[in-house]
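Positions are given from 1, in the same order as the sequence printed here.
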Amino acid sequence: METILNTSLFIHVVSGFTALLSGLIIFILKKGGRNHKKVGRVFFYAMLLVVFSAVIVATLKSNLFLILIAGFSLFMNYSGYRSIKNKSLKPNTLDWTILLLGTVNTVLMIYSMNIILMVFGGISVTLVIGEFKTFIKTSRNQPIPKMAWLKRHIGMMMGTYLATITAFIVTAGPRTSWYEMIQPQWLPWILPTIILTPMIAFYTRKYVKN
């Protein structure tokens, strides 16, 4: 059991650093180019490893909080990457399954009454509702905005990277002197969302032309 835990922690740290670095590179690269796509795949698969290693660690340590955060990240990471592969946004069985898991995860985050999970749960509510509306429309062959797939891709992938930055801050932060000065203690979990959410809106307006 100890070996599984240590191996999972190692994978989690390495994949987390890879996701953090590749996400930063994506911001610098020309959007939509070959390199953007290559690094984007690295980020996607690194985040999958982050999520699954986190679930293993959290399960072994009976940490429901970490499991719910991992579920939230998986929902955004899959949905954002899937938009590139399925620009019609017409869902298949796996799409519905991920959405169902995202819905259950959202309910559990809000029901936890943990202020951090409730904030992320509130964000997830809007994402889940949006997904349901889009899937129902495309399943019925009803029209959706032409660039809806790109809007979904930008929002979900940047949201995933935001989660990566947050995880880095709350993990590495306690090792620094300034971290203890931040009050209340839950603020480092929420601050990246407050600061970076406007960037998501900016990039969405910049690249999405409906």
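F17 and I28 are not part of a single hydrophobic cluster, where members link through side-chain heavy atoms under 4.5 Å apart. Taken together through direct or relayed side-chain contacts under 4.5 Å among Ile, Leu, Val, Met, Phe, Trp and Tyr, V14 and F52 form parts of separate hydrophobic clusters. Hydrophobic clustering of Ile, Leu, Val, Met, Phe, Trp and Tyr side chains at less than 4.5 Å, counting indirect connections, unites I165 with V39. No continuous path of hydrophobic side-chain contacts links V107 to V104 [ILVMFWY only; heavy atoms under 4.5 Å]. Cluster membership check: I110 does not share its hydrophobic cluster with L68, using side-chain heavy-atom separations under 4.5 Å among Ile, Leu, Val, Met, Phe, Trp and Tyr.
The aromatic rings of F120 and F72 sit tilted, their planes meeting at an angle between 30° and 60°. Between Y161 and F27, the ring planes lie tilted relative to each other; the angle falls in the 30° to 60° range.
In this structure the side chain of F135 never reaches within 4.5 angstrom of the side chain of K90, judged on heavy atoms. Using a 4.5 Å heavy-atom threshold, the side chains of E131 and R152 count as touching. Looking only at side-chain heavy atoms (C-beta outward), I67 and L108 stay at 4.5 Å or farther from each other. For the pair D95 and L99, the minimum side-chain heavy-atom distance is 4.5 Å or more. Using a 4.5 Å heavy-atom threshold, the side chains of M118 and M113 count as touching. In this structure, T160 and Y81 have side chains that are not in contact, with every pair of non-hydrogen atoms separated by 4.5 Å or more.
Within a 6.0 Å sphere centred on CZ of F132, other residues, nucleotides and ligands contribute more than 12 heavy atoms. Applying the 6.0 Å contact sphere to OH of Y45 captures no more than 12 heavy atoms from other residues, nucleotides or ligands. More than 12 heavy atoms of other shown residues, nucleotides or ligands fall within 6.0 angstrom of atom CZ in F65.
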- [ ] For the pair K61 and L5, evaluate side-chain contact (heavy atoms from CB on, under 4.5 Å) and give the outcome as yes or no after the intermediate values.
- [x] CA-CA 9 Å; K61 291 189 173 184; L5 177 60; 4.1 Å; yes
*Given the rule in the side-chain contact (heavy atoms from CB on, under 4.5 Å) test, do L150 and M147 qualify, once you have shown the distances and angles that lead to the verdict?*
CA-CA 5 Å; L150 183 56; M147 302 299 286; 3.5 Å; yes
Report the C-alpha distance between I25 and F43 in whole Å, list the side-chain angles of each, state the deciding distance to 0.1 Å, and finish with yes or no for side-chain contact (heavy atoms from CB on, under 4.5 Å). CA-CA 10 Å; I25 293 174; F43 176 79; over 6 Å; no
Exercise. Would you check, one step at a time, whether the test side-chain contact (heavy atoms from CB on, under 4.5 Å) holds for N92 with N86?
Key: CA-CA 10 Å; N92 60 19; N86 177 35; over 6 Å; no
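Nearest approach of S124 to T106, heavy atoms of both residues: OG-OG1, 2.5 Å. For the residue pair A54 and L66, the shortest heavy atom distance occurs at O-CD2, 3.7 Å. Minimum interatomic distance between T138 and L89 (heavy atoms only, all atoms of both residues): OG1-O, 3.0 Å. For S73 against V51, the heavy-atom pair with the smallest separation is CB-CG2, 4.0 Å. Of all heavy-atom pairs spanning S15 and L49, the tightest one is CB-CB, 3.6 Å. Shortest non-hydrogen contact noted between T164 and G16 is CG2-O, 4.1 Å.
Remark: the backbone N or O of S53 is not paired with any side-chain donor or acceptor of H12 at under 3.5 angstrom. With N77 contributing its side chain and M47 its backbone, the two residues share no donor-acceptor pair below 3.5 Å. A donor-acceptor pair is defined here as one N or O able to donate and one able to accept, closer than 3.5 Å; such a pair exists between the side chain of S22 and the backbone of A19.
The distance from atom CG of L100 to atom CG of N105, rounded to the nearest 0.5 Å, is 11.0 Å. To the nearest 0.5 Å, atom NZ of residue K85 and atom CZ of residue F44 are 9.0 Å apart. Interatomic distance, CD1 of I98 versus OG1 of T93, reported as 12.0 Å (0.5 Å rounding). To the nearest 0.5 angstrom, L127 atom CG is 5.5 Å from F75 atom CZ. Atom CD1 of I144 is separated from atom NZ of K133 by 14.0 Å, given to the nearest 0.5 angstrom. The OG1 atom of T103 sits 9.5 Å away from the CH2 atom of W96 when rounded to the nearest 0.5 Å.
When only modelled atom types and interatomic distance are considered, S83 and H153 share no side-chain donor-acceptor pair under 3.5 Å. Side-chain contact, S8 with N6: no donor N or O sits under 3.5 Å from an acceptor N or O.
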